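Here, residue 1 is the first one in the sequence, and each next residue gets the next number. All figures in this text were calculated on a predicted structure; none of them were measured in a lab. When a ligand or atom number is given, it counts from 1 through the structure's own listing order.
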Amino acid sequence: MSCLFCKIAAGEIPARIVYEDADCLAFADISPQAPTHMLVIPREHIQSLEQAAAEHAPLLGALMSAAATVARQAGLAKGYRVVLNTGAEGGQTVDHLHLHVLGGRAMHWPPG
Ligand code: 5GP
Ligand code: ZN
């Protein structure tokens, strides 16, 4: 198993875990781009949104729900941004599907 986020899910690489349930895990990003920057991942290895199948729809919903819980726990009552980079041009650098939860400052649009 060479996947970084699978290793974090397995406890082989340390991370500041802020939320977990049977299907999902959330932890602090190592290089935060906002005062709050968490990553929400499925425990199951799925390379990217492009590799997610129709059968993964409930899991994708669980990830979104976990992202909202993480944001709520972090006190992001004024708002936050959820980002899902997909593939090289989408800015994905770790090939294990993940949601970014960013907050604690005003976000800009359009994103870079
Ligand atoms: P992507 O660019 O694929 O959308 O996001 C990958 C994210 O993983 C980046 O924001 C990066 O800072 C984060 N990251 C990379 N390596 C590690 C690590 O070892 N631990 C943690 N907690 N985050 C990481
Ligand atoms: Zn993985």
Which bit of [X] is near ligand 1, meaning a heavy atom under 4.0 Å away: side chain, backbone, both or neither?
{"X": "His100", "value": "side chain"}
{"X": "Arg16", "value": "neither"}
{"X": "Val83", "value": "neither"}

Requested in this report: Report yes if some heavy atom in the side chain of Leu97 is under 4.5 Å from a heavy atom in the side chain of Leu60; otherwise report no.
Outcome: yes
Requested in this report: Sort by chain and number the protein N/O/S atoms that are closer than 2.8 Å to the Zn ion (ligand 2), and list them.
Outcome: Cys3 SG, Cys6 SG, His45 ND1, His96 ND1
Please indicate whether any nitrogen or oxygen in [X] is less than 3.5 Å from any nitrogen or oxygen in ligand 1.
{"X": "Gly91", "answer": "yes"}
{"X": "Gln92", "answer": "no"}
{"X": "Asn85", "answer": "yes"}
{"X": "Ile13", "answer": "no"}
{"X": "Ile8", "answer": "no"}
{"X": "Leu4", "answer": "no"}

Requested in this report: Using a strict cut-off of 4.0 Å, indicate which atoms of ligand 1 neighbour a heavy atom of Phe5.
Outcome: 8 (O)
Requested in this report: Please could you name the atoms of ligand 1 that Thr93 approaches to less than 4.0 Å, counting only its heavy atoms?
Outcome: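 Going through ligand 1 atom by atom, the ones under 4.0 Å from Thr93 are 1 (P), 2 (O), 3 (O), 5 (O), 6 (C).
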Query raised in the report: How many angstroms lie between atom CD1 of Ile46 and atom CG of Asp95, to the nearest 0.5 angstrom?
Result: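 So the gap between those two atoms works out to 13.0 Å.
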Requested in this report: For Arg72, enumerate each residue passing the salt bridge (charged side-chain N to carboxylate O under 4.0 Å, His left out) test, keeping only those at least two apart in sequence or located in another chain.
Outcome: none
Query raised in the report: Mind checking what makes salt bridge (charged side-chain N to carboxylate O under 4.0 Å, His left out) contact with Glu50, not counting sequence neighbours?
Result: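 Once residues adjacent in sequence are excluded, Glu50 has no partner under the salt bridge (charged side-chain N to carboxylate O under 4.0 Å, His left out) criterion.
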Query raised in the report: Are Val82 and Phe27 co-members of a hydrophobic cluster defined by side-chain heavy atoms under 4.5 Å apart?
Result: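 Phe27 does not cluster with Val82.
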Report task. Would you please classify the geometry between the His37 ring and the His100 ring as parallel, tilted or perpendicular, with 30° and 60° separating the classes? Result ->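 His100 and His37: tilted rings.
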Report task. Hey, could you give me each pair passing ring-ring contact (aromatic ring centres under 6.0 Å, His included) that has a residue in residues 42-93? Not counting sequence neighbours. Result ->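 Sorted result for residues 42-93: His45-His96.
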